[in-house]
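Labels below follow one simple rule: chain letters A, B, ... track the order of the sequence lines, proteins then strands, and each chain is numbered from 1.
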Number of protein chains: 6
Amino acid sequence: MSQRIVCFGELLLRLSAPGRERLLQTPGLEVHIGGAEANVAVSLARFGHDAAVISTVADNALGEAAVAELRRYGVDTRHVRAVPGRMGLYFLSHGALHRPSEVLYDRADSAFARANDYDWEALLQGAAWLHLSGVSPALGAATAQATIDAARAARRLGVKVSFDGNFRGKLWQTWNGDAAAILRQIFAEADLLFADHRDIAVVLGESARAEGEHAVAEAAGHAFAAFPHLQWLASTLRTQHSVDRHTLSAVLASRDGSWHRAPDYELETIVDRIGTGDAFAAGVMHGLVEGMKPDELLHFGLGAACLKHSLPGDFNLVAREEVQALVSQAGFHVRR
Amino acid sequence: MSQRIVCFGELLLRLSAPGRERLLQTPGLEVHIGGAEANVAVSLARFGHDAAVISTVADNALGEAAVAELRRYGVDTRHVRAVPGRMGLYFLSHGALHRPSEVLYDRADSAFARANDYDWEALLQGAAWLHLSGVSPALGAATAQATIDAARAARRLGVKVSFDGNFRGKLWQTWNGDAAAILRQIFAEADLLFADHRDIAVVLGESARAEGEHAVAEAAGHAFAAFPHLQWLASTLRTQHSVDRHTLSAVLASRDGSWHRAPDYELETIVDRIGTGDAFAAGVMHGLVEGMKPDELLHFGLGAACLKHSLPGDFNLVAREEVQALVSQAGFHVRR
Amino acid sequence: MSQRIVCFGELLLRLSAPGRERLLQTPGLEVHIGGAEANVAVSLARFGHDAAVISTVADNALGEAAVAELRRYGVDTRHVRAVPGRMGLYFLSHGALHRPSEVLYDRADSAFARANDYDWEALLQGAAWLHLSGVSPALGAATAQATIDAARAARRLGVKVSFDGNFRGKLWQTWNGDAAAILRQIFAEADLLFADHRDIAVVLGESARAEGEHAVAEAAGHAFAAFPHLQWLASTLRTQHSVDRHTLSAVLASRDGSWHRAPDYELETIVDRIGTGDAFAAGVMHGLVEGMKPDELLHFGLGAACLKHSLPGDFNLVAREEVQALVSQAGFHVRR
Amino acid sequence: MSQRIVCFGELLLRLSAPGRERLLQTPGLEVHIGGAEANVAVSLARFGHDAAVISTVADNALGEAAVAELRRYGVDTRHVRAVPGRMGLYFLSHGALHRPSEVLYDRADSAFARANDYDWEALLQGAAWLHLSGVSPALGAATAQATIDAARAARRLGVKVSFDGNFRGKLWQTWNGDAAAILRQIFAEADLLFADHRDIAVVLGESARAEGEHAVAEAAGHAFAAFPHLQWLASTLRTQHSVDRHTLSAVLASRDGSWHRAPDYELETIVDRIGTGDAFAAGVMHGLVEGMKPDELLHFGLGAACLKHSLPGDFNLVAREEVQALVSQAGFHVRR
Amino acid sequence: MSQRIVCFGELLLRLSAPGRERLLQTPGLEVHIGGAEANVAVSLARFGHDAAVISTVADNALGEAAVAELRRYGVDTRHVRAVPGRMGLYFLSHGALHRPSEVLYDRADSAFARANDYDWEALLQGAAWLHLSGVSPALGAATAQATIDAARAARRLGVKVSFDGNFRGKLWQTWNGDAAAILRQIFAEADLLFADHRDIAVVLGESARAEGEHAVAEAAGHAFAAFPHLQWLASTLRTQHSVDRHTLSAVLASRDGSWHRAPDYELETIVDRIGTGDAFAAGVMHGLVEGMKPDELLHFGLGAACLKHSLPGDFNLVAREEVQALVSQAGFHVRR
Amino acid sequence: MSQRIVCFGELLLRLSAPGRERLLQTPGLEVHIGGAEANVAVSLARFGHDAAVISTVADNALGEAAVAELRRYGVDTRHVRAVPGRMGLYFLSHGALHRPSEVLYDRADSAFARANDYDWEALLQGAAWLHLSGVSPALGAATAQATIDAARAARRLGVKVSFDGNFRGKLWQTWNGDAAAILRQIFAEADLLFADHRDIAVVLGESARAEGEHAVAEAAGHAFAAFPHLQWLASTLRTQHSVDRHTLSAVLASRDGSWHRAPDYELETIVDRIGTGDAFAAGVMHGLVEGMKPDELLHFGLGAACLKHSLPGDFNLVAREEVQALVSQAGFHVRR
């Protein structure tokens, strides 16, 4: 628990239909706590790091439950404030076969979306890394500014900045936010970027022409050119054969020009793909913090992402030993 | 199904903790559809009437599910519109013993709360009664105006107006609505009022001094004096020994000065008290529509309210024969 | 396990709505196995006796499950046949407060109702008691004859006959069975009768005028006069304050003219009242088999019936020590 | 909602074991409403059509629940009668891997099976299509006659007739019905037939020699020759690799001799295959009503069938936009 | 959060049958975390105090889950060690009516029961109070010694000692522990004792003759005489009318001779009585820490205990405001 | 039911997380009864044999439930004793994709593990076969001796001995048992051995060099050479592509030198793999008892094992007709 990693973002309640039912096909909902940045924090805490979340929740039973769930998994929640307002929600129906999963957001005007009064100097005290994602600036002007402020404060204080693109066009549209202009300010402060060619195209005002590994490599080059602080850029590569069956790989680019590609993993009978990108981010950050070599940390991040597909909920509840076992091909026997 | 009864109000999703748990004590929620006026419509449909709901819902899976549930119980939903926006929600934790039940509203800025473009002439076509409640005007200026418009259109068209006070101070405070001024305009159009001395005091600018049957009777006198269209005023009388055990009675006043009090019913081991006031309203309206005598219709209304306490959810899913069996003391043997 | 007790009757599947919901209010059903005589057998097996069931079930997964459940509780099921046909079902919705429980039978034309080819001499081999109930003869001519045959064979073979009236008018009406004539033939063979004044009035062609303990006592006198083999007549006395709260007592009459009344037990917050009469019958039979004195065995039977009210399902899953603890007032402390 | 489609058939309650359990392995059952023709009606209503069901149910809580569920999904149920009797049931245990699913019918002597007094002239008023299936005539002489009457009345009234073969040998055997003779009379009135070479062989008294697309094509030729009203014949083509994994395609033949084959769809990890044939029928009918071209409507029908495999229950609860998205290869990304 | 309260004791997994079922009547178990001292810590944390648990758990998924649940509710768990071994379990079946609840312990040889190597000086650092209970010394020689050591270290360090008698004869018998001798050493260090006349009689070698308030008062006198450090002695007074309905009061004695009795509370339809004594202890400690007057803190403790009866699980999840509302008679209306 | 098969081993309670959740991710556990030898007994009873279990359970509700579950499936449990002590438990979390399933044993010091006072002459009375497994001797010295005694008594009495290696290194380590020496004594008495090259290597003190069919064949040769009573040796061959997808085959060697290999079966979307080895053993024993030829009985055993993968729980609840249908390629159509 040597290095402290601080994640800033919204806590959400996920209300999901049971099994493969449509929303409210039967009258019950399963509840999970999520949020892109909180997912990263939980995974890092499970890997043994001192992970904290900075956020704002509603001062009611829902906000309390969200914070409690983070605490349950060992995340430091002392910097989560509770204020009057509502919690962001999302309703989820898991797809199957050829029927895609559906997310229905009900997060407008949440306590988090309205807040922008964070004392970043104090909040980043003692942190080695700050993790942010593109979801927060997409929520509105207040959180966009808060995210930029956070990134800049981190750079000022010598705290490394990790940023996960997570581009969500629909959220930006709700308030006509200038995604490119805002994200560019954040990219500019990032040491580590989780982004593919589409994210980078948005920010650099280009159009993403091609697909696949090559397109990501080319875009990474543009990113390193545009953002001098940037040291690493990582991205998963996903092929979807059906809603339940994917092939997953990942790539990592370094400022020094090195390019790494992890092996392909076949994901058959996926249990829950929400949060798999966050699991990848946490795995890569774990590797960086632990001083792994690029190939090794990329493989670790990919292994973490693969394992998340096997777990219900948004959090990647695996220990580092489990990721290690996967990447070292320990096999699938029942562990007794 | 001779007479058509139209109810105007918001459809809500109730998300409740299982059993007697606190909210999110375990990670699941039971879902019911409710809303004061919709509850009345469902009960009337179950009693065999042509009951319709006029409302506005979100054009998503949640709004669809709310409408579908009304349709399931035979309510005419052709006048429920779906528009972009969100559905009103409320989270419920059932209390027990000395721990009160808790309702956490998350209904601000719902599709219903923002709507006020109803063509009342068309919507009230063929109706004998219009049922409204004090919840709708409490939601904001738009719904306050819509409710007043509805009541006035009904009077103009010769449609009788039923109004359930349902005073919710907290909702009025969210937008600093002038409850007294607005409610007075609706009371002025009502033929039938569900209200107790506290509701009437709010509207007439008095202060509710005493409690009990006498206080209601006195307030009823004031109401008949103030509102010349008013024909009947009905109210339940409830004594709460604990969260689970109440004594329930009811009173009815007529413009002709008659005063009726129903017998006391002991409610031990209450299953769900949400919607019991709406069950009472539906029972009284059923009695009026069926031409029952005052004592009889009051007793029917009270019987309906008592039975609702035995049923999970907001709706009173009993048939008229079941209410009749209760008020005629048919006993509690297993029906085989 | 010295004495063998054989019970003849139908095995039923009970499909019940969860909690206090109406039937199919939500789309799930809880399943229990029941049947008046099987309930008695299970209770006797739990008390440590060699209890067997004679019956006919459908040769499908449902019949198999019904038999398996009896076997699970230690009942000897070697004399249950599986033949082509259907299983009798009943749907149950638990009432609450003033809303009675409802049973919806779907048992017409079951494999059991159509069967009447039992080799009673063989089946009663080694039995000390045969237990029958009024449900079987009410199902149709075949089972009526089978029940009479069983009772007569038992008498012939020196096997004592226990008969629980269990009068169900609706079942008799489905085939216009002559209840009085048929039941009279069975009463004539009974050593032990579970019946109240209404059952006896049906059989003796009288009309049950009064209610309460006195009425049962008078009817018992008539029964002893009419049926010379009859040694004991037992009945519960139940007052229902609501669906959830009853007062229960019991009476026992002997041919020698003695009359016994057990103390009153208050049953608050009843969990499940189905099968409580069968629990009483099993308790009384246990007392007789064990050679208890009349007051003692009556109290044991009543205690067994009281405990059944606390258990979901049709079976009384209590051990004899638990009944003893209740009748000896051991108190309600948590047993650790 | 321009064209009205009327479906005649039985409503069934499906009682299924949870997950992949055997029947009553644990003591609970999930309940869905189904019935081949009702499934078609629900799907058509979800696609936005004016779909109605003509049927007869038991006048109890089960019949009420079945009708309510159709109403919930927007089906017009005003022509469903409730009469004394029982509801047809079926018990289902989902298979997995190499263990086939099992259906245990308990539908003999249902209210529907005994009814044959329909006023077809009145019931078909305003309809553009009547949909029937081979299940109804297989239930007994009454429903066989009702189905023939319905088909003939439709032809007389200019209502197009759709018929889904759905041959169930076991049902015909229960009453020794002459399937060939009866079905021939219905085939003779059909404009649209869902049938494969085995169905046609039964009706034409031939023996189905070969398998696969060619066999269906040949049989279609025989059908067009034998039945002059027939315009279209459609069938799915299914290969089962295991209980959970199938390959699905479909074919369509027109009287003008054109032959259409849709692409193959891989169905891995099937959720629920009950009702997939009905989903296909509804999709094809939707295409015809909407005036799609043969290839297009066949693909739409197949897409609808594929999506049904992803949904628990008998109903295909997808919207037309979702089928369109599948056939236009919109991909499997989470819809946010 | 000014004062730190440290609780030492075992964390247990409670595996309970659903509803009012017997153990394994159906094949599922609900899981709660408990343990007398941990229950106190959770309640104090919910009241806003800095509450910590000192314990030893198994280093497996069960131990991890137990610790996580404490953390979820804000308890400081940094002093809980994980070592090889097993977790203590208890199986619970909730009683009803006249059927007592049953606890089946499976806690022998747990990781906690075997541990006795605590560095009390370090662990009590900064604490104002140490809370212990009679369960720990009853588990075996190791935990008996650990409890005595803890109490003595606390006294040495000026940390106040709270001790809840919680006498469990069966546990002492498993290792023939000398309860009187061991408990006397702990009583000797206590500032605050939760005990009734039976607990005190065990320790002082007397026999508890009478029952009721007077007996407790007399025993309290003996305790103050025997143990010079003792300042307060508190006890609940419970009358059990049935398993579901109790009357609860409480008494408090001070070294200065004052005697306080709280009002009686009627507990009808109890939800879960496990942990109610711990809720009382936490309430009284809260009152002491907050500087309430004796009558006030006793009433607060009793109110906390009453509210616990309404909540499933071992923890008293109520906030201090809820206890205040009860003792100030705020009523039972739904909180909206 | 001509031949009696007796199985000796421990009954365990399996407490498993729902679906694919981690242990205690949500607070509920599903309960199944298991135990390697009991699994074999249940499967044989389902195939129609007279199967009995000899065991020792705790004399509490858990032990009672374990025995009841065996009885439910028709196993003769008259030789299962209940003594003071605890039941062995195991906690299970089902894996998925690349995350292995996890078993957490909590079975140390169980009532079974401490028992070794069986009267084998009496217990084996009338048996044709005795089935044992390597789990029992691994539990400790008492059960190791009991297993050896049982095997020797069987040989003495002319009862054939079946032994399933089931090598569990961790269990042997808990007491430093000399696995090789103990197992050799049991192997020496076996007529039928379920073992692969690794099991045999342990016993013969060799090291298992190679993998696959050849390695098993070679080891089988060594086993026949070393153990003159041995007639048959059978083993499954399993390739794990992921946690959810395996390929399964099986081999059988006879003393006469014949070698049989069954076809490969693809197991996609495995439901529950626990107990599949026991299902194989039961299938092979069924084949031997029924006098099938080697190829046939091996295929039957493999088919039984395959079907078990489709069923939740430890027991293989399939009938012999279902295994026959699989091995005769009856297909995967819904059975109606």
(request) Sequence neighbours left out, what passes side-chain hydrogen bond (donor to acceptor under 3.5 Å, both in side chains) with D/S55? Give chain and number order. (result)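 So D/S55 forms no side-chain hydrogen bond (donor to acceptor under 3.5 Å, both in side chains) with any residue.
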(request) Against chain F, label D/H246 side chain, backbone, both or neither, depending on which of its atoms sit under 4.5 Å from a heavy atom there. (result) neither
(request) Below 4.5 Å from any heavy atom of chain F, which atoms of D/R238 appear? Answer side chain, backbone, both or neither. (result) neither
(message) As an exercise, state the distance from CZ of D/R22 to OG of F/S310, rounded to the nearest 0.5 Å.
(response) 7.0 Å
(message) As an exercise, state the distance from NZ of F/K308 to CG of D/L97, rounded to the nearest 0.5 Å.
(response) 10.0 Å
(message) Can you confirm whether D/R99 sits close enough to F/L311 that some side-chain heavy atom of one is under 4.5 Å from a side-chain heavy atom of the other?
(response)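 Touching, per the 4.5 Å side-chain cut-off.
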(message) Tell me which of these, D/H94, D/K170, D/H241, D/R168, has more heavy-atom pairs under 4.5 Å with chain F than the rest.
(response) D/R168
Nearest atoms (heavy-atom pairs only) where [X] meets [Y]:
X: D/P100; Y: F/H333; result: CB-O, 3.4 Å
X: D/Q240; Y: F/F332; result: OE1-O, 3.1 Å
X: D/R20; Y: F/V271; result: CG-CG2, 3.9 Å

(request) Tell me, for F/E266 versus chain D, whether the close heavy atoms (under 4.5 Å) come from the side chain, the backbone, both or neither. (result) backbone
(message) What part of F/L317 gets within 4.5 angstrom of chain D, counting heavy atoms only: side chain, backbone, both, or neither?
(response) both
(message) Can you classify the ring geometry of D/H98 versus F/Y265 as parallel (below 30°), tilted (30 to 60°) or perpendicular (above 60°)?
(response)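 Judged by the thresholds at 30° and 60°, the geometry between D/H98 and F/Y265 is perpendicular.
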(message) Which one wins on heavy-atom pair count under 4.5 Å against chain D: F/E30, F/R72, F/H309?
(response)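 Max contact count across the listed options: F/R72.
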(request) Determine yes or no for a side-chain-to-main-chain donor-acceptor pair under 3.5 angstrom, with F/E268 supplying the side chain and D/T269 the backbone. (result)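 No, F/E268 side chain to D/T269 backbone: no donor-acceptor pair under 3.5 Å.
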